[in-house]
Amino acid sequence: MLRKISSVTAWQRVLAFYQAWVDVAKNSLQEADDRGWGALSSLPHSEYVFLLKCLAHCEEGVRRLRQGDKRVFKYDVNGEFVMAARGLAHYSQLVHRIEIGENQIDEEHTPLWGPFCMALKELGQVGRMREQNPGAS
């Protein structure tokens with residue numbers, strides 16, 4: 001079972017979706033800055049930095065997993081994938097709260113919000129497929 005869960009190929013696929021999601025956040029931030037909306041955007045620089053840190057954990061997890069290090073799955077200082085999942089969990093919850101009307105964002109000043117949410121959803125689906133079918137790659 002551990003061999004299936006720790007498929008490097010599958011985690012590289014997750015990493016590619018994670019990178020695509022962070023790229024949309026970067027493009028949104030750049031577009032907001034170009035239009036002078038940096039301070040109004042619901043995806044500010046601080047959130048982009050947070051996503052970059054989470055992406056770095058995912059990259060490090062894949063790198064270490066490729067070397068055979070299974071500690072990347074732990075819930076401790078070695079748990080790269082747990083640390084990477086923080087961004088996904090945070091934004092999944094935020095988008096859900098926006099959808100049900102509990103939270104709001106300034107969509108007018110947050111370029112690419114739709115593509116950001118779509119990339120997040122795709123990343124979440126790949127992650128759920130990994131949980132439901134660990135052998136899938």
Side-chain angles (χ1 to χ4, degrees):
M1 184 67 161
L2 182 57
R3 206 172 330 144
K4 290 180 179 180
I5 293 170
S6 61
S7 164
V8 174
T9 303
W11 282 103
Q12 286 174 321
R13 184 169 183 236
V14 169
L15 176 59
F17 277 89
Y18 213 120
Q19 181 67 61
W21 177 47
V22 173
D23 286 347
V24 174
K26 176 184 176 184
N27 293 337
S28 173
L29 183 58
Q30 285 178 326
E31 193 171 322
D33 282 346
D34 290 348
R35 294 180 182 187
W37 300 340
L40 301 173
S41 175
S42 294
L43 292 173
H45 287 274
S46 60
E47 290 297 309
Y48 176 61
V49 169
F50 168 65
L51 292 179
L52 282 176
K53 289 177 182 179
C54 293
L55 174 63
H57 282 291
C58 191
E59 290 171 337
E60 179 65 11
V62 169
R63 186 191 68 75
R64 287 178 44 202
L65 184 60
R66 194 177 299 118
Q67 295 174 342
D69 186 352
K70 304 293 192 276
R71 294 176 298 166
V72 296
F73 297 106
K74 287 188 162 194
Y75 286 86
D76 64 10
V77 296
N78 292 301
E80 298 294 345
F81 294 130
V82 172
M83 295 299 288
R86 292 177 312 144
L88 177 62
H90 169 75
Y91 273 100
S92 293
Q93 185 176 67
L94 177 66
V95 168
H96 174 71
R97 287 182 174 186
I98 290 167
E99 288 172 349
I100 64 173
E102 188 175 302
N103 287 22
Q104 294 180 1
I105 65 155
D106 185 351
E107 278 192 67
E108 180 181 345
H109 296 105
T110 307
L112 305 175
W113 178 251
F116 177 84
C117 292
M118 181 58 74
L120 171 65
K121 183 178 180 178
E122 289 171 352
L123 173 59
Q125 288 173 342
V126 170
R128 278 188 292 285
M129 284 190 310
R130 293 282 311 132
E131 291 170 5
Q132 294 169 357
N133 186 7
S137 47

Exercise for the section: Tell me whether L94 is reachable from L52 by hopping between hydrophobic residues (I, L, V, M, F, W, Y) whose side-chain heavy atoms are closer than 4.5 Å. Expected result: yes
Handout entry: Hydrophobic cluster membership, V24 vs I105, 4.5 Å side-chain cutoff
Key =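 V24 and I105: one cluster.
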Handout entry: Partners meeting side chain to side chain contact (heavy atoms under 4.5 Å, CB included) with S28 (sequence neighbours left out)
Key =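 With neighbours one apart ignored, the set is L43, T110, P111, L112.
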Handout entry: Any F50 side-chain heavy atom under 4.5 Å of C54 side chain
Key = yes
Pairs under 3.5 angstrom only: tabulate donor-acceptor contacts from the side chains of residues 95-103 to other protein residues two or more places apart or in another chain.
from : atom 1 : to   : atom 2 : distance (Å)
R97  : NE     : E102 : OE2    : 3.3

Practice task
Could you grab the distance from atom SG of C58 to atom CG of L51, nearest 0.5 Å is fine?
Solution key: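 The distance works out to 12.0 Å.
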Identify each donor-acceptor pair in which a side-chain atom of residues 75-89 lies under 3.5 Å from a protein atom, sequence neighbours left out, and give them as a table.
from : atom 1 : to  : atom 2 : distance (Å)
D76  : OD1    : N78 : N      : 2.8
E80  : OE1    : H57 : ND1    : 2.7
E80  : OE2    : R64 : NH1    : 3.1
R86  : NE     : M83 : O      : 3.1

Practice task
Kindly state each residue pair satisfying salt bridge (charged side-chain N to carboxylate O under 4.0 Å, His left out) with at least one member in residues 33-52, sequence neighbours excluded.
Solution key: E31-R35
Completion exercise
Residue pairs meeting salt bridge (charged side-chain N to carboxylate O under 4.0 Å, His left out), one or both in residues 51-61, sequence neighbours left out, come to E60-R63
Practice task
Might you point out which heavy atoms bring K70 and L65 nearest each other, and give the distance in Å?
Solution key: CD-CD1, 4.1 Å
Practice task
Could you name each residue pair satisfying ring pair (Phe, Tyr, Trp, His ring centres under 6.0 Å) that touches residues 97-125, not counting sequence neighbours?
Solution key: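 Found W21-F116, W37-H109, Y91-F116, W113-F116.
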Handout entry: Set of side-chain hydrogen bond (donor to acceptor under 3.5 Å, both in side chains) partners for Q19, sequence neighbours left out
Key =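 Partners of Q19 under the side-chain hydrogen bond (donor to acceptor under 3.5 Å, both in side chains) test: D23.
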Exercise for the section: Inspect the surroundings of CD in Q104 and state if more than 12 heavy atoms from other residues, nucleotides or ligands are less than 6.0 Å away. Expected result: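 No, because the 6.0 Å sphere around CD of Q104 holds 12 heavy atoms or fewer from other groups.
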